[in-house]
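Please read the structure below before turning to the comments.
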Amino acid sequence: MIRRAVVTAGTGGIGLETAKGLARRGFAVTVVGRDPGRGASAVEEIAAVSGGGEPRFVAADLASLDQVRSLAAHLAAEGPLALLVNNVGAMFARRQQTVDGIEGSFAVNHLSPYLLTELLLDRLQTDAPSRIVNVSSAAIKAAKRTFDAVEPPGGYYGFHWYGRAKLANLAYTVHLAERLRGTGVTVFAADPGGAATGMTDGTMTSPTIVSPPLRLLWPLVRRTFERSTAGPASVAARPSVFAATDASLDGRTGLLIGPEARPVPLFRGAADPRAIEKVLRLSRRLAPLEGGHGLQRR
């Protein structure tokens, strides 16, 4: 039987390469993105390498919680689902605010995958064995580990805020893996390492995306990062594909798959019970499952 997979932000970069890798392994892949033109192009590329069912594209702006809810309802109604890859990610040079009134980096990098996952859990459990893969980032090491509010204290610095949102999502991943243990749904995080993508090509060039103490060192750090991101997105997709498909992970859960496509130690801050509880409390308030905008109702 052909198994169905969903990859968010799957019309380009790491997401598209992940979708193609899954298609080669026999999955019928649905990619999610904002641009129907890019979606059609992605479907053509995936179909050309597919060893499984027909690929599909679904349009959704994952910065909008209402669109995430609609997307979840659509995906659940399509039938059995074996795999959800939350690949969406965005780093902003300047502070952005979503249509829900929420800071953009936290909304896109954490709240969107959190809400989509929660709304698809019934579908994934019904269709178990199934897997959830949340794409992480090494930027979590530069993050403030405070989750009392959607925005950390201090000024806006895109790299740090991106890392903080990814850290929140990794903490949620750790929680979810334990919560679903024994249900047949296993949960993994995947760190793609460096990759030359649209996000890194643009945002990373600005020293203002890091806090002032790091700015003198930023040119050196950025050059080091750029050397590490010289590889193609297809290489950066390997950890996600491994986490999604490799038989060595059967029966295991809660692992972080590193850039070499093998399990690596979790970042210690992601397993802090206090941080996990704060992330969950904030997530449930900002992105309620039943609709409405938690931030606007305060």
Side-chain angles (χ1 to χ4, degrees), residues 6-19 21 31-35 38-39 42 60-65 67-68 71 84-96 98 102-117 132-143 150 156-173 187-206 209-210 225 228-229 231-241 243-244 256-259 267 270 279 283 287:
V6 169
V7 180
T8 63
T11 62
I14 297 172
L16 176 56
E17 294 301 329
T18 299
V31 292
V32 179
R34 290 180 298 175
D35 186 334
R38 292 187 66 185
D61 181 354
L62 297 176
S64 163
L65 297 181
Q67 290 200 38
V68 172
L71 172 66
L84 172 63
V85 181
N86 287 306
N87 171 77
V88 67
M91 187 191 306
F92 305 108
R94 295 179 179 82
R95 183 186 179 280
Q96 305 287 320
T98 71
I102 301 171
E103 188 277 317
S105 188
F106 198 78
V108 173
N109 294 292
H110 171 60
L111 291 179
S112 164
Y114 158 79
L115 181 59
L116 182 62
T117 300
I132 298 166
V133 178
N134 291 330
V135 177
S136 189
S137 170
I140 61 176
K141 297 174 183 177
V150 65
Y156 177 84
Y157 307 108
F159 184 73
H160 301 280
W161 286 41
Y162 168 76
R164 177 177 173 268
K166 285 295 188 180
L167 177 57
N169 197 247
L170 184 57
Y172 168 65
T173 303
V187 185
F188 303 95
D191 178 2
T197 66
M199 183 177 76
T200 58
D201 288 345
T203 309
M204 293 291 288
T205 60
S206 171
I209 69 169
V210 295
F225 183 88
S228 74
T229 61
S234 58
V235 173
R238 287 174 51 209
S240 294
V241 175
L256 172 62
I257 308 303
F267 180 60
V279 166
S283 303

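For clarity, every value in this text was computed on a predicted model and none was experimentally measured.
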Checklist entry - For Arg94, what residues pass the salt bridge (Lys or Arg N to Asp or Glu O under 4.0 Å) criterion, not counting sequence neighbours? => result none
Item to check | Nearest non-hydrogen partners of Ala171 and Val279, listed with the distance | outcome: CB-CG2, 4.3 Å
Item to check | Pairwise distance CG(Leu65) to OG(Ser112) - rounded to 0.5 angstrom | outcome: 7.5 Å
Checklist outcome for this item: Applying ring pair (Phe, Tyr, Trp, His ring centres under 6.0 Å) to Tyr114 and not counting sequence neighbours gives His110, Tyr172
Checklist entry - Hey, are the side chains of Phe92 and Tyr156 touching, using non-hydrogen atoms and a 4.5 Å cut-off? => result yes
Next on the checklist: Counting C-beta onward and ignoring hydrogens, is there a side-chain heavy-atom pair between Thr98 and Ser64 closer than 4.5 Å?
Outcome noted: no
Next on the checklist: Before you tell me yes or no, could you show the steps for Asn86 and Thr117 under side chain to side chain donor-acceptor pair (under 3.5 Å), namely the whole-Å CA-CA distance, both residues' side-chain angles and the distance that decides it to 0.1 Å?
Outcome noted: CA-CA 8 Å; Asn86 287 306; Thr117 300; 2.8 Å; yes
Next on the checklist: With a 4.5 Å cut-off on side-chain heavy atoms, are Leu62 and Leu71 touching?
Outcome noted: yes
Item to check | Where Gly158 and Met91 come nearest, the two heavy atoms and their spacing | outcome: O-CG, 3.8 Å
Item to check | Main-chain N/O of Asp61 paired to Gln67 side chain as donor or acceptor, under 3.5 Å | outcome: yes
Next on the checklist: Using the rule given for side-chain contact (heavy atoms from CB on, under 4.5 Å), can you reason through Leu256 versus Asp191, listing the C-alpha separation, both sets of side-chain angles and the distance that settles it, and then say yes or no?
Outcome noted: CA-CA 7 Å; Leu256 172 62; Asp191 178 2; 4.2 Å; yes
Item to check | Heavy-atom check, side chain of Asn169 versus side chain of Asn109, under 4.5 Å | outcome: no
Next on the checklist: If you compare all heavy atoms of Leu111 against all heavy atoms of Ser283, which two are closest, and at what distance to 0.1 Å?
Outcome noted: CD2-CA, 3.9 Å
Checklist outcome for this item: To the nearest 0.5 Å, atom CG of Leu167 lies from atom NE2 of His160 at 13.5 Å
Checklist entry - Between Gly10 and Ala42, which heavy-atom pair has the shortest distance, and what is it? => result O-CB, 4.1 Å
Checklist outcome for this item: When every non-hydrogen atom of Ala107 is compared with those of Ile102, the smallest separation belongs to CB-CG2, 4.1 Å
Checklist entry - Is there a side-chain contact (heavy atoms from CB on, under 4.5 Å) between Asn134 and Leu170 once you walk through the steps? => result CA-CA 8 Å; Asn134 291 330; Leu170 184 57; over 6 Å; no
Item to check | Asp35 and Thr11: side chain donor to acceptor below 3.5 Å | outcome: no
Item to check | side chain to side chain contact (heavy atoms under 4.5 Å, CB included) against Val241, all qualifying residues, sequence neighbours excluded | outcome: Thr18, Arg25, Thr245
Checklist outcome for this item: Minimal heavy-atom distance between Ala143 and Gly163, with the atoms involved, is CB-C, 3.5 Å
Checklist entry - Can you find a pair of side-chain heavy atoms, one from Leu116 and one from Thr8, that are under 4.5 Å apart? => result yes
